[in-house]
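See below for the structure under consideration.
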Amino acid sequence: MKVEPSALASVGTAMATHPEADVVAAITGPTNLMAGVTCRDTRDLYSYITERVAPLHGVRELETAP
């Protein structure tokens, strides 16, 4: 995911508290934050992304792969 650099720490910290998050890490390259999450199904994944991750201040882009 792409996160505004000034919000990288706050987004990473917020996501790390989510019970769905197995790992959250700052990375280098075209994106700057990676998260591995466990959801019950694709509907739950969609809800997690749209209701919990996308609203975090500083999140610019998300890419998922179930």
Side-chain angles (χ1 to χ4, degrees):
M1 99 181 40
K2 288 185 183 180
V3 177
E4 293 175 21
S6 62
L8 184 60
S10 63
V11 171
T13 299
M15 288 188 66
T17 67
H18 296 172
E20 298 89 348
D22 301 314
V23 63
V24 178
I27 59 173
T28 61
T31 60
N32 57 3
L33 191 66
M34 183 280 304
V37 301
T38 301
C39 297
R40 287 186 304 263
D41 52 31
T42 54
R43 181 175 289 165
D44 191 41
L45 175 61
Y46 177 81
S47 295
Y48 176 68
I49 291 169
T50 59
E51 297 171 13
R52 309 244 350 252
V53 178
L56 293 173
H57 175 73
V59 174
R60 288 194 265 172
E61 294 179 30
L62 292 168
E63 182 177 332
T64 63

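Here, residue 1 is the first one in the sequence, and each next residue gets the next number.
Atom CD of Glu61 is separated from atom CE of Met1 by 11.0 Å, given to the nearest 0.5 angstrom. Atom-to-atom distance recorded for Leu45:CG and Thr64:OG1 is 6.0 Å, nearest 0.5 angstrom. Atom NZ of residue Lys2 and atom CZ of residue Arg60 lie 7.5 Å apart, to the nearest 0.5 angstrom.
Across Gly12 and Val24, no two heavy atoms sit closer than the pair O-CG1, 3.8 Å. Leu8 and Ala26 get closest at one heavy-atom pair: CD2-CB, 4.2 Å. For the residue pair Ala7 and Gly58, the shortest heavy atom distance occurs at CB-CA, 3.8 Å.
Pairs of residues two or more places apart, or lying in two chains, that qualify as side-chain hydrogen bond (donor to acceptor under 3.5 Å, both in side chains) and include a residue from residues 19-45 are Glu20-Arg52, Asp22-Thr38.
Environment of NE2 in His57: sparse, with no more than 12 heavy atoms of neighbouring residues, nucleotides or ligands closer than 6.0 Å.
Side chains of Met15 and Leu56 form a contact here, defined as non-hydrogen atoms less than 4.5 Å apart. Using a 4.5 Å cut-off on side-chain heavy atoms (C-beta onward), Val23 and Met34 make contact.
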